[in-house]
Participant: 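Take a look at the following structure, please.
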Amino acid sequence: QVQLVESGGGLVQAGGSLRLSCAASGRTFSDYAMGWFRQAPGKDREFVAAISRNSAASYYANSVKGRFTISRDNAKNTVYLQMNSLKPEDTAVYYCAADRNLGVVAAFWASWGQGTQVTVSS
């Protein structure tokens, strides 16, 4: 349905910032809720943030609330994750996801990108 490609990951020191981008293909990007998830080695994929179709509502995991901001530009078919005050525990592969409905359970999202590595050093 929709193809997703993440970018913007890299290595950053604790306290630094990164902005992740996820470019989507397809004719109906605005029909999809968008989300960000992350997965550290040996751990389950966990919810990070999500945004509704028209940006009317945003949701965040408690672990990132106040530090991360999700946004989208429907004209550019792109969703962003601005990550500030990064901590070593934020180190993970970050994935963007798309679905007709918004939720916090990874298994319920229909489309996924390939992931981008974020590494935060102490």
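By convention here, the first residue in the shown sequence is residue 1.
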Participant: Do other residues, nucleotides or ligands put more than 12 heavy atoms under 6.0 Å from Q3 CD?
Facilitator: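 Incorrect, the count does not exceed 12.
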
Participant: Nearest 0.5 Å, what's the CG-CD distance between L18 and Q82?
Facilitator: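 Between L18 CG and Q82 CD, I get 8.5 Å after rounding to 0.5 Å.
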
Participant: Any chance you could measure E6, atom CD, to C22, atom SG, to the nearest 0.5 Å?
Facilitator: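 That separation rounds to 5.0 Å.
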
Participant: Determine yes or no for a side-chain-to-main-chain donor-acceptor pair under 3.5 angstrom, with T91 supplying the side chain and V120 the backbone.
Facilitator: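 Pair found, side chain donor or acceptor close to backbone of V120.
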
Participant: Taking all non-hydrogen atoms of both residues, which atom of Y94 and which atom of L20 are closest, and how far apart?
Facilitator: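 Distance-wise, the nearest heavy atoms are CB-CD1, 3.6 Å.
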
Participant: Are any of the side-chain heavy atoms of T28 and R100 separated by less than 4.5 Å?
Facilitator: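 Touching, per the 4.5 Å side-chain cut-off.
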
Participant: Please name the pair of heavy atoms, one in S25 and one in V2, separated by the smallest distance, quoted to 0.1 Å.
Facilitator: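 Smallest heavy-atom distance, with atoms named: O-CG2, 3.0 Å.
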
Participant: Centroid separation under 6.0 Å, is that true for the rings of F68 and W36?
Facilitator: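 That pair fails the under 6.0 Å test.
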
Participant: With rounding to the nearest 0.5 Å, note down the distance linking OG in S111 to CG in L4.
Facilitator: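 CG of L4 is found 6.0 Å from OG of S111.
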
Participant: Decide yes or no on side chain to side chain contact (heavy atoms under 4.5 Å, CB included) for N74 and M34, but give the supporting numbers first.
Facilitator: CA-CA 11 Å; N74 287 350; M34 299 296 298; over 6 Å; no

Participant: State, with a plain yes or no, whether a side-chain heavy atom of D73 is found less than 4.5 Å away from one of S71.
Facilitator: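 No, their side chains stay 4.5 Å or more apart.
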
Participant: I'd like to check R67 versus D90 (side-chain heavy atoms, cut-off strictly below 4.5 Å). Are they in contact?
Facilitator: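 Contact flag for R67/D90 side chains = yes.
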
Participant: Against the six-membered ring of Y95, is R38 placed for a cation-pi contact (under 6.0 Å from the centre, within 45° of the normal)?
Facilitator: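 The answer is no; the distance or angle limit is not met.
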
Participant: Does R45 make a cation-pi contact with W109 (under 6.0 Å, within 45 degrees of the axis)?
Facilitator: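 No cation-pi geometry.
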
Participant: I need the minimum non-hydrogen distance between G115 and V93, along with the two atoms involved.
Facilitator: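 Closest approach of G115 to V93: CA-CG1, 3.8 Å.
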
Participant: How far apart are the closest heavy atoms of W112 and A106, and which atoms are they?
Facilitator: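 Scanning both residues, the minimum pair turns out to be CZ2-O, 3.1 Å.
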
Participant: Quick one: closest heavy-atom pair of F29 and V79, and the distance?
Facilitator: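 Looks like CZ-N, 4.3 Å.
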
Participant: Show your working on side chain to side chain contact (heavy atoms under 4.5 Å, CB included) between T69 and Y60 and close with a plain yes or no.
Facilitator: CA-CA 8 Å; T69 303; Y60 299 92; 3.7 Å; yes

Participant: Please round to the nearest 0.5 Å and tell me the distance separating atom CG of L102 and atom CZ of F108.
Facilitator: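 Atom-to-atom, L102:CG and F108:CZ are 13.0 Å apart.
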
Participant: Same hydrophobic cluster for V48 and Y80, using side-chain heavy-atom links shorter than 4.5 Å among ILVMFWY?
Facilitator: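 Unlinked, V48 and Y80 end up in two clusters.
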
Participant: State whether D31 and R53 are salt-bridged, where the test is any N-O pair (Lys NZ or Arg NE/NH1/NH2 against Asp/Glu carboxylate O) under 4.0 Å.
Facilitator: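 No, no charged N to carboxylate O under 4.0 Å.
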
Participant: Taking atom CG as the centre, does N54 end up with more than 12 heavy-atom neighbours from other residues, nucleotides or ligands that are less than 6.0 angstrom away?
Facilitator: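 Yes.
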
Participant: Taking the side chain from N77 and the backbone from A23, do they hold a donor-acceptor pair closer than 3.5 Å?
Facilitator: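 Judged by distance alone, no pair lies under 3.5 Å.
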
Participant: Rounded to the nearest 0.5 Å, what separation is found between the NZ atom of K87 and the OG atom of S85?
Facilitator: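 Separation between the atoms: 8.0 Å.
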
Participant: What pair of heavy atoms forms the shortest contact from A92 to A40, and how long is it?
Facilitator: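 That closest heavy-atom pairing would be CB-N, 3.8 Å.
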
Participant: About how many Å separate CZ of R72 and OG1 of T78, when rounded to the nearest 0.5 Å?
Facilitator: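 Answer rounded to 0.5 Å: 10.0 Å.
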
Participant: Contact between Y59 and V104 at the side-chain level, heavy atoms closer than 4.5 Å - yes or no?
Facilitator: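 Result no, sub-4.5 Å side-chain heavy-atom pair not found.
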
